[in-house]
Chemist: 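Starting off with a structure, shown below.
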Amino acid sequence: MVDRSPNDINTFERRKTYVGVVMTIIYSIIYAGYVAISVFRPALTGVRTILGLNLATAYGIALIIIAVALAIIYNYLVRFREIGASETVAEGECE
Amino acid sequence: MAIVVFFVFVGLILILSTYTSRKASSVGGYFVANSSIHWGVNGIAFAGGYLSVASFLGICGLIAFFGYDGFLYSIGFLAGWVVALFIIAEPMKRMGTYTFSDALNKNYEHPGIHLAAGISVLVVSFFYLVPQMVGAGVLVEPLLGIPHSWGVIIVGSVVVFIVAAGGMTSTTYVQFFNGGLLLLLALILSLAVLYRGIDLNAVHGEEGAGDLGRYRYKQIAVEVVNDELKIDADRVRVVDRYVRTDPLTGNPMQVFYRLSRAIPALRLEEEDYYLAEIKGRSVRFNKSSDTGVYSIERINNQVFIRIEDWWQLVQDADGSGVLTETQFSSVLPDGTMLINGAPEGLENRLRQMGGVSDIPDEYGYSTGPVGPFRILSIMADQLTTVQRVQNASFVSSDNQQITIHYQEPTSGAVFMRPGLMFPLEAREGESALDTFLYRLNFISLMLALFFGTAALPHILIRYYTVPDVDAARKSTIVAIGGIGLFYILTMYLGVGAVIAGALNPETSNMSAPLLARSFGEILFAIVSGVAFTTVLATVSGLIVASSGAVAHDLLGVVLRRKASSRTQVRVGRIAAVGVGLFGIMFGITFREMNVSFLVGWAFAVAASANLPSLLMMLFWKKTTAQGIIASILTGVIASVTLILLSPDMWARYGLDPAHAPMPLNQPGIISIPLSFAVLILVSLATQKRKKL
């Protein structure tokens, strides 16, 4: 583990927060789409989609799977940036 | 069998709690398990604490009774975790120590924040605690054959022991144990549902006896002339009639008739006792107590019991119709309880209802084992008919309190999409305002579920039980994976319960255990045991959060200084006992309400009280301590007031829900923006004071 300066930590935390906010917005849009269809176009929810599932079921299950997928992607991105930040600091120290 | 398994589970929990309680003498040990929990264990414990009876019993019950609308809770409950992971988890860990008010107060050092946050934690925990207690009572009643209230008292006592003795360490391992078991069991049950498929002729064991066989409700052809029935059947006459109208439109929805009819009976060797079949159950009648409720008649040397029971009329346009038998309970003016027209007893109780009565022709009478997508596809087919369980309560002409349980044939295409619980499509005769309010209610609930998870106190404190920010994030991801899998499985549990006809008409909360019973007593016992540990796990988390709020947040404000470690732990233990007693009291009062529905309110209060301040503190630099305090208090007061004035509470007070001052049952859509607005306004108004 490499010690990082407060500036590096702040930059890293800001980037992490940025990734988190972007992902929240992406998921919120998908979630809002689901709520909007249920409220304003309820008849659409009965339309058959993939695997014989109606739109309501397919969208609902997709929302759960997407949440899990985004969580895994977030962890990968954050760890990737964490390692990147550590390496940058390490290089700086060598100089 | 069920009792043995139940006590084995409770015994294991108590041993686990006692074993882990040694680490709970310090503040860090008692409230946050010394921040030493592994992220994997913490993740499953997150799932164990979060997947409460609302998820396990409540959602399964809602899906079984209302179809797809129950699944909306699954989606909302999980979606909130996205906010928890991406926005809240890491800052909470970085900024806090014991409670979430530590994080809120990190930049302000204002005692008012501890006070407001402490109050908010207690209120949210209360709203979350009550449904858990209700669920405990519902479970224990059929399992141990003891009254609902005793179930609530047992849970309350065991949980208070767990928390008072072992604090967060015990709670963590109880939640971990429960989370793992719950996921495994949901998977096993779902696979069993898929293997069984849909069989229209299947007979499954049910409450009371395993060999009752399938009961087909009787039908009588009738002719209707000016609301008068002409019945072509012997020894039958009409004694009462009830028309159920749509509260919105005033249109008649269902018509029920009370018939007096004589059913064949058999005289037993035991003197004065007769045996007759009521809804497929053999019920004993005592000649000496036949006054009023039933009578014994002898016609042509044959013995009959004359009872009065309620039938539903389904009428055609030409005046012909069919009376279909229902189940019902009635309370006579003197307090006597009757089930299906005969005295209530172990041999005479309501039978399970529900089922699937038609599937597309290509499957014949049975689908055999089916895949996970195929079963949902068949259930959503236009040609599938689901027998939904419906209830109608009213007072009869002779002052009996009647509750009729009847089955309503519903197309699979309707059952498997939104609308049965939240009527989002405008119905005939419904005003535009009512349609708007229904839709607003739905949006309000989905908003509260989305924003509520990340603000639940028993979830927030779990960020402090791990050593660092990285572990907080990883444990949240494990939680999302486990909880996501569980919520997908709830669909199979709910649908499985309705396919098996395993619905207790009195309470939707028993659907999952009764589904398990349809596979055998052992699975029923295990499911009930796990459901009980689910209550223990969630309630213990809530009580730790509440006792932390009292000992860490409120005590410091009252004493005007930080209390010693020993005092905090002692006060925490006393608070755990106090909160447990409150939970017991209200768990008994709210017995009939669906637990998921009640939990929806807890989410609304949490989302209104806690989330605005958490988000704004992180993302708006102008946020002030005064703004945070005002926002929390506004969120608590507004959401609780709106709930107390809602139509559902109006009905609970015995008043007409249509006249409730607040037209929505879900307050989130008003109280969440209000809490944000108050924070912004108060923060802007206190900027100068801050600079001074």
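Numbers restart at 1 for each chain; the letters A, B, ... are given by sequence-line order, proteins then strands.
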Chemist: Which heavy atom of B/Pro418 sits nearest a heavy atom of A/Thr45, and at what distance?
Modeler: CD-OG1, 3.6 Å
Chemist: Side-chain contact, heavy-atom cut-off 4.5 Å: B/Leu376 with A/Ile61?
Modeler: yes
Chemist: Is there a donor in the side chain of B/Arg417 and an acceptor in the side chain of A/Ser38, or the other way round, less than 3.5 Å apart?
Modeler: no
Chemist: Please examine the side chains of A/Val21 and B/Phe619, heavy atoms only from C-beta on, and report whether any two atoms are closer than 4.5 Å.
Modeler: yes
Chemist: Quick one: CZ on B/Phe86 to OG on A/Ser28, what's the gap to the nearest 0.5 Å?
Modeler: 10.0 Å
Chemist: Hey, which of B/Gly371, B/Gly419, B/Ala79 has the most heavy atom pairs under 4.5 Å with chain A?
Modeler: B/Ala79
Chemist: So, B/Tyr68 side chain and A/Ala56 main chain: donor-acceptor pair closer than 3.5 Å or not?
Modeler: yes
Chemist: State, to 0.1 Å, how close A/Ala67 and B/Leu78 come at their nearest heavy-atom pair, and which atoms those are.
Modeler: CB-CD2, 3.8 Å
Chemist: Parallel, tilted or perpendicular: which describes the rings of A/Tyr31 and B/Phe450, with under 30° parallel and over 60° perpendicular?
Modeler: parallel
Chemist: Would you mind checking which part of B/Phe373 comes under 4.5 Å of any heavy atom in chain A, side chain (CB onward), backbone (N, CA, C, O), both or neither?
Modeler: both
Chemist: Checking side chain to side chain contact (heavy atoms under 4.5 Å, CB included) for the pair A/Val39/B/Met446: CA distance, chi angles, key distance, verdict?
Modeler: CA-CA 11 Å; A/Val39 172; B/Met446 297 310 277; over 6 Å; no
Chemist: Can you tell me if A/Arg41 has over 12 outside heavy atoms packed within less than 6.0 Å of its CZ?
Modeler: no
Chemist: If you compare all heavy atoms of B/Ala380 against all heavy atoms of A/Asn54, which two are closest, and at what distance to 0.1 Å?
Modeler: CB-ND2, 3.8 Å
Chemist: Quick one: does B/Ile488's side chain get under 4.5 Å of A/Ile65's, heavy atoms only?
Modeler: yes
Chemist: How long is the span from the CD1 atom in B/Ile75 to the OH atom in A/Tyr59, to the nearest 0.5 Å?
Modeler: 10.0 Å
Chemist: Drop me the distance from A/Leu51's CG to B/Ser377's OG, to the nearest 0.5 angstrom.
Modeler: 9.0 Å
Chemist: Could you walk me through whether A/Asn75 and B/Arg473 pass side chain to side chain contact (heavy atoms under 4.5 Å, CB included), step by step?
Modeler: CA-CA 8 Å; A/Asn75 190 50; B/Arg473 183 181 68 244; 2.9 Å; yes
Chemist: Would you say B/Val82 and A/Met23 make side-chain contact, with heavy atoms under 4.5 Å?
Modeler: no
Chemist: Shorter than 4.5 Å, heavy atoms on both sides: which option in B/Tyr487, B/Trp81, B/Phe71 has the most such pairs with chain A?
Modeler: B/Phe71
Chemist: Show your reasoning for whether side chain to side chain contact (heavy atoms under 4.5 Å, CB included) applies to A/Tyr34 and B/Leu72.
Modeler: CA-CA 10 Å; A/Tyr34 173 77; B/Leu72 290 168; 3.0 Å; yes
Chemist: Do A/Leu53 and B/Arg374 pass the side chain to side chain contact (heavy atoms under 4.5 Å, CB included) test, and can you show the C-alpha distance, the side-chain angles, and the key distance before you say yes or no?
Modeler: CA-CA 8 Å; A/Leu53 302 178; B/Arg374 176 59 61 91; over 6 Å; no
